[in-house]
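For reference, positions follow the sequence shown, starting with 1. All values below were derived from every heavy atom in this structure, side-chain atoms included, with hydrogens, water molecules and symmetry-related copies excluded.
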Amino acid sequence: MKHIRENIGFHDSQNKRQQILEAAYAVFSSKGYHRATVDEIIALADTGKGTVYNYFVNKEQLFYTLIKECSMPFQIIIEGIVNSSEPPLEKVETIIKAFLEFYVKHANLWRVMMHEVRGFGANGSSNFTQEQLEKYQTCFCETIGMIEKVLLEAQSKGFIRESCDATRAAHGLFSVIVTFVFRDFVDKNIGDTAHTIAELFLYGAADR
């Protein structure tokens, strides 16, 4: 599972907890949340059921932990962008590029997560309880909140009109980013795609 470990940033192959997370990454990404089983993850991690349950109460907690730990390096990156001295409109494009890079790298896993959170799981509903769903929604809000902060800064400095609702704009921009990723609209050079999205978002498609 070396390529999995490199993909999600887990480095210590001797650590049982990380081996379980690596196996979970592979199983959830390929099978989805509903069809994935803890037994499959145990087999791939080459460990015992007791070991898994020493670290994780159930499948959902394992999935949530995987999502959170995959997100940690990304959160640090986007917080750095938010707090940087980069010019506001350039910062918008930079944060778009960071989102694209992260979601392209983890497209299969995040597609599964969004599938569940948006209620498109088995039988037309999520496999999560309302309390569990709220955890994932909080993650989404925190992440999209980073985009909103960048837009608010640009707005405060006069680069975006005051009448623009930064919260709605941030959600709209996020939706465009994930659509580009999940519809395979991202160019080989991710920077080119980030520039395209930034241009469309900030200036529209009209011939100015």
Side-chain angles (χ1 to χ4, degrees), residues 1 3-10 17-42 44-45 52-53 55-79 95-148 167 170-186 190 193-194 197:
M1 293 189 289
H3 67 289
I4 299 171
R5 189 174 308 122
E6 291 171 347
N7 194 37
I8 57 181
F10 298 149
R17 182 179 182 277
Q18 291 185 344
Q19 283 182 244
I20 294 164
L21 287 170
E22 290 162 16
Y25 186 101
V27 174
F28 284 129
S29 296
S30 63
K31 303 200 73 171
Y33 180 83
H34 178 68
R35 291 193 300 119
T37 67
V38 174
D39 284 343
E40 289 175 289
I41 294 167
I42 289 168
L44 186 58
V52 172
Y53 288 113
Y55 294 111
F56 308 102
V57 174
N58 53 34
K59 184 172 79 168
E60 188 279 325
Q61 189 198 33
L62 174 53
F63 184 72
Y64 180 72
T65 302
L66 177 63
I67 293 294
K68 289 291 288 183
E69 295 198 9
C70 281
S71 299
M72 282 181 193
F74 172 60
Q75 290 294 130
I76 292 170
I77 289 169
I78 59 176
E79 286 172 10
I95 204 166
I96 291 170
K97 183 172 182 285
F99 269 80
L100 287 171
E101 288 172 340
F102 178 76
Y103 283 111
V104 165
K105 185 176 183 180
H106 300 290
N108 290 335
L109 182 64
W110 252 253
R111 186 181 284 108
V112 170
M113 195 257 283
M114 292 180 183
H115 192 73
E116 290 295 334
V117 171
R118 292 181 179 181
F120 298 126
N123 303 318
S125 62
S126 175
N127 292 286
F128 299 152
T129 66
Q130 186 59 40
E131 183 179 358
Q132 290 166 344
L133 283 172
E134 287 173 2
K135 291 191 306 183
Y136 296 92
Q137 293 289 1
T138 297
C139 292
F140 270 123
C141 289
E142 290 173 354
T143 302
I144 297 172
M146 295 293 103
I147 298 177
E148 183 177 353
T167 301
H171 280 78
L173 180 52
F174 176 79
S175 295
V176 171
I177 291 167
V178 295
T179 297
F180 265 66
V181 172
F182 296 153
R183 294 295 299 273
D184 293 324
F185 291 161
V186 180
I190 290 179
T193 304
I197 294 174

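- For the pair Leu62/Leu21, a side-chain contact is recorded, criterion being any heavy-atom separation below 4.5 Å from C-beta on.
- Here the shortest heavy-atom pairing between Phe74 and Ala98 reads CE1-O, 3.6 Å.
- Taking the side-chain hydrogen bond (donor to acceptor under 3.5 Å, both in side chains) definition, one finds that Gln75 meets it with Thr143, sequence neighbours left out.
- The shortest side-chain heavy-atom distance between Phe102 and Ile177 does not fall under the 4.5 Å cut-off.
- Scanning all heavy atoms of the two residues, the minimum distance from Met146 to Ile95 falls at O-CD1, 3.8 Å.
- Counting heavy atoms from C-beta on, the side chains of Met114 and Phe140 come closer than 4.5 Å.
- Contact of the Phe63 side chain with the Leu109 side chain is registered, since non-hydrogen atoms from C-beta on lie closer than 4.5 Å.
- Residue Thr179 comes nearest to Phe185 through the heavy atom pair O-CD1, 4.4 Å, listed as atom of the first residue, atom of the second, then distance.
- Lys59 is linked by a salt bridge (Lys or Arg N to Asp or Glu O under 4.0 Å) to nothing, counting only residues two or more places apart in sequence or in another chain.
- Glu148 meets the salt bridge (Lys or Arg N to Asp or Glu O under 4.0 Å) test with no other residue; sequence neighbours excluded.
- Between Ala194 and Ile96, the shortest heavy-atom distance links the atoms CA-CG2, 3.8 Å.
- The aromatic rings of Phe99 and Phe174 sit perpendicular, their planes meeting at an angle over 60°, well past the 30° parallel limit.
- The CD1 atom of Ile42 lies 11.0 Å from the CG atom of Leu44; values are rounded to the nearest 0.5 Å.
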Under the criterion side chain to side chain contact (heavy atoms under 4.5 Å, CB included), I'd like the reasoning laid out for Ile197 against Leu173: C-alpha separation, chi angles, the key distance, then a yes or no.
CA-CA 8 Å; Ile197 294 174; Leu173 180 52; 3.7 Å; yes

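- At least one side-chain heavy atom of Tyr136 sits under 4.5 Å from a side-chain heavy atom of Met113.
- Note that CD1 of Ile78 is 7.5 Å distant from CD1 of Ile147, once rounded to the nearest 0.5 Å.
- Listed by chain and number, the residues in a salt bridge (Lys or Arg N to Asp or Glu O under 4.0 Å) with Lys135 are Glu60 (sequence neighbours excluded).
- Here Asn108 contributes atom CG and Tyr103 contributes atom OH; the two are 14.5 Å apart, rounded to the nearest 0.5 Å.
- Rounding to the nearest 0.5 Å places CD1 of Ile20 at 12.0 Å from CG of Leu66.
- Side-chain atoms of Arg17 and Glu69, non-hydrogen and from C-beta on, do get closer than 4.5 Å to each other.
- Legend: residues meeting side-chain hydrogen bond (donor to acceptor under 3.5 Å, both in side chains) with Asp39, ordered by chain and number and at least two apart, are Lys49.
- Atom-to-atom distance recorded for Phe182:CZ and Arg111:CZ is 5.5 Å, nearest 0.5 angstrom.
- Tyr25 approaches Lys105 most closely through the heavy-atom pair OH-O, 3.7 Å.
- Of all the heavy atoms in Ser71 and Trp110, the pair that sits closest is OG-CZ2, 3.2 Å.
- Rounded to the nearest 0.5 angstrom, Ile190 CD1 and Phe180 CZ are separated by 13.0 Å.
- Counting heavy atoms from C-beta on, the side chains of Asn58 and Val38 never come closer than 4.5 Å.
- Residues passing the side-chain hydrogen bond (donor to acceptor under 3.5 Å, both in side chains) test with Ser29, sequence neighbours excluded: none.
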